[in-house]
There are 2 protein chains.
Amino acid sequence: MIKIMLTERQRGILEFIQTEQREKGITPSTREIQHHFGFASQTSVMQYISTLERKGFLDRHARKARALITPVQKVRITDIPIYGQIPAGMATLTEQTIEGHVSLDARSVNASKNSRTFALRVRGDSMIDAHVLDGDIVILEDRKDVQNGDIVAALIDGETTLKRYVMEHGRPYLKAENPLYPNLVPARELRIQGVMVSLVRKQMPVSRRKRS
Amino acid sequence: MIKIMLTERQRGILEFIQTEQREKGITPSTREIQHHFGFASQTSVMQYISTLERKGFLDRHARKARALITPVQKVRITDIPIYGQIPAGMATLTEQTIEGHVSLDARSVNASKNSRTFALRVRGDSMIDAHVLDGDIVILEDRKDVQNGDIVAALIDGETTLKRYVMEHGRPYLKAENPLYPNLVPARELRIQGVMVSLVRKQMPVSRRKRS
DNA sequence: CGCTTAACTGTTCAGTTGAACATATTTCTC
DNA sequence: GAGAAATATGTTCAACTGAACAGTTAAGCG
């Protein structure tokens, strides 16, 4: 019963709002919706809007023009900053070290909304056996609960590296997924900066691709 | 000289508009911009807006409320449909076979704006040596110019498969990037549905992950 | 010194917009 | 058949909004 709590008309109006926003960049006004559906009164639209809002399909800023917000836009898409390299710790994640942004919806990125999400561009082949390549953008979450086997970004000697977090005999170490790279056993503290939740790869054109 | 054609003030106003849109979901009105910057008149805002529009940093719908559009929103983010399986050909890419959407910015996805972009969920390990895993979402472009070495989605016997396109002795075939899978030499026609331009992977939690 | 451009003020105006009120009809369930 | 919910109408209103007009001030340039 949770699947569709909307009547056909309600769904139509929600879809119209979403389509308009996607295509024109702005949400329609109540009167525009009214004319599109041929209502003689805009009050009908008002009623639909409040119903959709009550059911959680729509959000809005009261008493403002074209201030409808589809949760699709507001909740799902996250704008993730890409850091080239994190210099010291989470404290220093400033605007200046941002290399760019990836924008993708939270669902396909696996992001929980409580924790902070950021991205790193992978350098080197140390995780190639985990199918993470040089140049890939790895999306991480600043989380507390790191589990055995998670791929994490960790701070070692002022450098950020991406490794697999392995707990063995009660002691954690960082495992490279490439026989050519050494595993890292932390001398004292292991500073985890984020847990990998997703990956975005930009496929290079053949001409510029490295031969393997 | 192409880098920054904006004065400090112009840049500030553009950034304010973009930030507001990102955080609140709606673009600010001229008066909201006015009060944020402490202008005594909204005409100042009007002038900035037309300057930004003239320089191509802003788009808008004339005479409509909150109808500013930042090209960031309109141009860069693309909403890509994910098809679970393409049954017959490009002609049958209907709404019904859509499994979901990924939304990400065109830049990180490598998408050119002329060709149609779509996505497929990868099934099986046949491309594992190309570091494409089971469950990955592969973003493809419906392009004409397939090059030797490109990873493509092709239609073989009514099934869509992801393989590497290899041209040898003037004849193309489809190569699996896994020794356990056979290469496919087309009997007659080779129907390329799209060329891989990008990849999105949702990292599974350790508990649900397959042991290898 | 003129000329241009950027930055800004003060005011008016018409069209747009969300909201509210009172009421009517249909559809469905109990 | 009563009641609830969904659907719809008609109208009025205050607030919001973009746009325009007519100016001012400062900086840079040749």
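Bear in mind the structure is a predicted one, so any value in this text is a computation, not a measurement. Here is how names work: the chains are called A, B, and so on, in the same order as the sequence lines, proteins then strands, and each is numbered from 1.
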Review point. Looking at A:Y48, does any N or O in its side chain come under 4.0 Å of the phosphate oxygens OP1/OP2 on D:dA6?
Key: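 No, A:Y48 has no side-chain N/O under 4.0 Å of OP1/OP2 on D:dA6.
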
Check your understanding: Under 4.0 Å: is that the gap between some side-chain N or O of B:T7 and OP1 or OP2 of C:dA7?
Key ->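 True: B:T7 side-chain N/O within range (under 4.0 Å) of C:dA7 OP1/OP2.
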
Any side-chain to backbone donor/acceptor pair from [X] onto [Y]? Under 3.5 Å, distance only.
X: B:R121; Y: B:G135; result: yes
X: A:D150; Y: A:Y165; result: no
X: B:R11; Y: B:L6; result: no
X: A:R201; Y: B:H131; result: yes

Practice item. Have a look at the helix from C:dC1-D:dG30 to C:dC30-D:dG1 and give the angle its two end axes make, five pairs each, rounded to 10 degrees. Key: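 Roughly 40° between the end axes, to the nearest 10°.
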
Whole angstrom value for the distance that separates [atom2] of [N] from [atom1] of [X]:
X: A:I13; N: D:dA6; atom1: CD1; atom2: P; value: 13 Å
X: A:R11; N: D:dA6; atom1: CZ; atom2: P; value: 15 Å
X: B:R9; N: D:dT25; atom1: CZ; atom2: C1'; value: 15 Å
X: A:H35; N: C:dT17; atom1: NE2; atom2: P; value: 11 Å
X: A:Q47; N: C:dT23; atom1: CD; atom2: P; value: 15 Å
X: A:I33; N: C:dT17; atom1: CD1; atom2: P; value: 11 Å
X: A:F39; N: C:dT26; atom1: CZ; atom2: P; value: 16 Å
X: B:Q34; N: C:dT9; atom1: CD; atom2: C1'; value: 10 Å

Check your understanding: Does the side chain of A:S44 reach to within under 4.5 Å of the side chain of A:Q34, using non-hydrogen atoms?
Key ->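 Heavy-atom side-chain distance check fails, nothing below 4.5 Å.
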
Point to revise | A:D136 side chain near A:M127 side chain, heavy-atom distance below 4.5 Å | key: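 Not touching, per the 4.5 Å side-chain cut-off.
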
Practice item. With rounding to the nearest 0.5 Å, note down the distance linking CZ in B:F37 to CZ in B:R9. Key: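 Interatomic distance, B:F37 CZ to B:R9 CZ, rounded to 0.5 Å: 6.5 Å.
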
**Study point:** Listed partners of B:P28 passing side-chain contact (heavy atoms from CB on, under 4.5 Å), at least two apart
**Key:**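 If we apply the side-chain contact (heavy atoms from CB on, under 4.5 Å) test to B:P28, skipping adjacent residues, the hits are B:F16, B:I17, B:E20, B:E32, B:I33.
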
Practice item. State, without any angle test, whether B:T30 and B:Q42 hold a side-chain donor-acceptor pair at a distance under 3.5 Å. Key: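 Yes, because at least one side-chain N or O of B:T30 sits under 3.5 Å from a partner of the opposite role on B:Q42.
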
Can you check nucleotides 17-20 of chain D for protein contacts, nitrogen or oxygen pairs under 3.5 Å, and list what you find?
{"unit_1": "D:dT17", "atom_1": "OP1", "unit_2": "B:R66", "atom_2": "NE", "d": "2.8"}
{"unit_1": "D:dT17", "atom_1": "OP1", "unit_2": "B:R66", "atom_2": "NH2", "d": "2.3"}
{"unit_1": "D:dG18", "atom_1": "OP1", "unit_2": "B:R66", "atom_2": "N", "d": "3.0"}
{"unit_1": "D:dG18", "atom_1": "OP2", "unit_2": "B:T30", "atom_2": "N", "d": "2.8"}
{"unit_1": "D:dG18", "atom_1": "OP2", "unit_2": "B:T30", "atom_2": "OG1", "d": "2.9"}
{"unit_1": "D:dG18", "atom_1": "O3'", "unit_2": "B:R63", "atom_2": "N", "d": "3.4"}
{"unit_1": "D:dG18", "atom_1": "N7", "unit_2": "B:R31", "atom_2": "NH1", "d": "2.8"}
{"unit_1": "D:dG18", "atom_1": "O6", "unit_2": "B:R31", "atom_2": "NH2", "d": "2.8"}
{"unit_1": "D:dA19", "atom_1": "OP1", "unit_2": "B:R63", "atom_2": "N", "d": "3.0"}
{"unit_1": "D:dA19", "atom_1": "OP2", "unit_2": "B:R60", "atom_2": "NH1", "d": "2.9"}
{"unit_1": "D:dA19", "atom_1": "N6", "unit_2": "B:Q42", "atom_2": "NE2", "d": "2.8"}
{"unit_1": "D:dA20", "atom_1": "N6", "unit_2": "B:T43", "atom_2": "OG1", "d": "2.9"}

